[in-house]
Amino acid sequence: MNTVTELHTHGGAADYRDHGLIFPRGFVFGSATASYQVEGAFDEDGRGPSIWDTFSKTPGKVWNGDTGDVACDHYHRQGADLDLMKELGLGAYRFSIAWPRIQPTGTGAVNQPGVDFYSRLVDGLLERGIRPVATLYHWDLPQALEDAGGWPARGTADAFEEYAAIMGRALGDRVHTWTTLNEPWCSAYLGYGQGGHAPGRHEPAAALAAVHHLNLAHGRGLQALRATSAGDPEYSVTLNFHVLRTDGPGNDDAIRRIDGLANRVFTHPMLRGEYPADVIADTAAVTDWEFVKDGDLDAVCQPIDVLGVNYYSTATVRLWDGTSPRQQNDGHKGASDGTAWPGSHELVEFVEQPGPFTAMGWNIAPDGLENLLMSLHEQFPHQPLMVTENGAAFDDVVAADGSVPDADRIDYLRRHFTAAHRALSRGVDLRGYFVWSLLDNFEWGYGYAKRFGIVRVDFDTLERAVKDSGRWYSRLATTGVLPE
Ligand code: IFM
C-alpha cells in the first residue's frame with residue numbers, strides 16, 4: 001500500500017503545474033453539487049419553499065432573474081446523472097439534501113416522497129460503487145423557518161436537530177459520510193449581514209447570532225445523526241476558509257480580525273469548545289453574545305472524523321485608515337463590502353490581488369490551498385482533512401463537434417491537485433478531494449452565468465456533455481496519478 005512517504009513528486013515546478021504525481025491508495029476522488037443548484041422540481045412531490053426560492057424570485061437579487069425552478073433538472077434525471085458519475089469513475093459524490101423536501105415547513109411531519117428521492121440516490125450511488133457523502137444543509141432553509149426568525153433564532157437550531165434525526169433514521173444505514181453544514185460563513189454573513197445571499201438581510205447582530213445557531217445546529221445535528229444512524233458513517237462539517245494575506249507591514253490586526261470572523265469563530269467552538277476571546281471583544285459594540293447559553297459550547301464541540309475544506313482563492317487585507325476610498329476586492333462573493341464583517345468593517349479593507357483570475361474574478365492561488373492545509377494540520381494535528389470543494393468557473397466555449405476544450409479549468413485543477421499533493425507530502429492527513437462541480441449549475445446570485453462544471457449543461461435542452469476537464473479528471477480518479 002502506498003503511504004504518504006512513498007509519494008514522489010515529478011518536477012516540483014514552482015508554478016504548481018505538475019503531472020505524474022501519485023496519490024495515496026484510498027485517496028478519494030469525488031465531485032460535488034448542492035440541492036438547490038441542480039435539482040429543479042421546486043414544487044414537486046410535496047417540496048415546500050425555501051429561502052432561495054423566495055430570494056431568487058425577488059427582482060434584482062439574482063442575475064438575469066434566474067431561479068432554481070428547473071436548474072439542471074437533476075430531480076428527474078437522477079438515473080442518467082448517476083450513470084455519468086459512474087462513467088467518469090468517481091469514487092464519491094457529495095450532494096446536499098433539500099430540507100424543504102423532507103419537512104416542507106421545516107418542522108413536523110416527514111414528506112416521504114422527498115426522503116424517497118434521496119434514498120434512491122444513495123442506493124444508486126452504492127450500486128455503482130460510489131460513496132454517498134451527504135450534506136444536510138447547503139443553504140436552502142425552509143421559508144417557514146425564516147419567517148419564524150431564521151438562523152438568528154435559536155428555534156432554527158432546534159428544528160435542525162429534529163431534521164438531522166429524521167435523515168439519520170432514513171439514510172444512516174447507507175450514507176458513507178454525513179456533513180452537517182456547508183459553509184456556515186456564507187449562511188450567516190452573506191445571508192444576514194451583507195445580504196447578497198438569501199434571505200438578504202442586513203443586520204450585523206443577527207449575522208453573529210446566526211453564526212452561533214449554525215454552530216449549535218452543527219453540534220446538535222451531529223449528535224442526532226450519531227444517535228439515529230444504523231450504519232457506521234463518518235461525520236463532518238464543511239467550512240470555507242479564508243486564506244488571508246496582506247501587502248505591507250503593520251496589518252497583522254487586519255488579518256487577525258478577519259481570520260477570527262471567517263475561520264476561528266467556527267473552528268474554535270466546533271473543535272475546541274470555545275469562542276475566540278478576540279472575536280467576542282472585536283464585536284462587543286455589535287452584540288453581547290447573550291445568545292450563547294450554558295451548555296451550548298459542549299453541544300457544539302463534537303468529534304468529527306473529517307473536516308471539510310472548501311478553497312477557491314485567497315484574500316488580501318489591510319487596515320483601513322477610514323479616509324481614503326475603501327477598497328473592496330476580495331474574490332469572495334462581494335463579501336468585502338464591509339457589512340459581512342460585523343465589528344470590523346470600519347477597520348479593514350480588501351485590496352486587489354494579483355491574477356490570473358477565474359471568470360468569477362477570483363485569483364488563482366494554488367499555494368493558498370497548500371498553506372491552508374498546512375495551517376489546519378498545524379492547528380488541529382489529529383484532525384483528518386478532506387477538500388470538499390475546489391474548482392473554477394470559466395467562460396467555456398463549445399467547439400463545432402460539441403466538445404468543450406476547457407484547458408483553463410484543467411490547468412486550475414492541475415495546480416490545485418499539485419498543491420494538495422504537496423501538503424500530503426508534508427504530512428497532512430488529507431483523505432480526498434471533491435471537484436466543484438459535477439455539473440454547470442445555479443451559481444447563487446450569478447444565476448446560470450457562471451459555469452463551474454466538469455460536465456456542461458445546456459440550459460435550453462438540459463443535455464449534458466462531458467468537458468475536457470471531466471475526461472482529464474476521470475483519468476485522475478481512475479488511476480490516482482495526476483495526468484499530463
Ligand atoms: O457554488 C458554490 C457552492 O454552492 C458553495 N461553495 C462555493 C461554490 C462556488 O461559488
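Both ligands and their constituent atoms are indexed starting at 1 by order of listing. On a predicted model such as this, the values are computed, not experimentally measured, just so you know.
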### Query
Short list, please: which atoms of ligand 1 are under 4.0 Å from a heavy atom of Trp139?
5 (C)

### Message
Taking 4.0 Å as the limit for heavy-atom contacts, which would you say applies to Met360 with ligand 1: side chain only, backbone only, both, or neither?
### Response
neither

### Query
Going through the distances and angles, do Leu261 and Ser344 end up as a side-chain contact (heavy atoms from CB on, under 4.5 Å)?
CA-CA 9 Å; Leu261 285 168; Ser344 285; 4.1 Å; yes

### Query
Would Asp53 and Gln143 count as having a side-chain donor-acceptor pair, cut-off 3.5 Å?
no

### Query
Can you name the residues that form a salt bridge (charged side-chain N to carboxylate O under 4.0 Å, His left out) with Asp73, not counting sequence neighbours?
Arg77

### Task
Please say whether Asn182 places an N or O atom under 3.5 Å from an N or O atom belonging to ligand 1.
no

#### Entry: Nitrogen or oxygen of Trp436 less than 3.5 angstrom from that of ligand 1
yes

### Message
Can a side-chain donor-acceptor contact be found between Arg264 and His268 if the only test is distance below 3.5 angstrom?
### Response
no

### Message
Please confirm whether Tyr446 approaches ligand 1 to less than 4.0 Å, judged on its heavy atoms.
### Response
no

### Query
If you measure from each non-hydrogen atom of Phe442 to ligand 1, which part falls under 4.0 Å: side chain, backbone, both or neither?
neither

### Query
Would a distance-only check, ignoring hydrogens and angles, find a side-chain to backbone donor-acceptor pair under 3.5 Å from Ser31 to Leu438?
yes

### Message
Please confirm whether His138 approaches ligand 1 to less than 4.0 Å, judged on its heavy atoms.
### Response
yes

### Task
Return yes if a side-chain donor-acceptor contact under 3.5 Å exists between Thr316 and Asp247, otherwise no.
no

#### Entry: Geometric N/O contact Gln37 with ligand 1, under 3.5 angstrom
yes

### Summary
Taking only non-hydrogen atoms of Glu183 and a 4.0 Å limit, the atoms of ligand 1 in range are 5 (C), 6 (N), 7 (C)

### Message
So for ligand 1, is Asn441 a polar contact partner (N or O within less than 3.5 Å, distance only)?
### Response
no

### Message
Checking side-chain polar atoms at under 3.5 Å, does Tyr275 have a donor or acceptor matched by the opposite partner on Asn215?
### Response
yes

### Task
Looking only at non-hydrogen atoms, find the nearest pair between Ser50 and Arg47 and report the distance.
OG-NH2, 3.8 Å

### Distance filter under 4.0 Å to Glu443 heavy atoms, resulting ligand 1 atoms
1 (O), 2 (C), 9 (C), 10 (O)

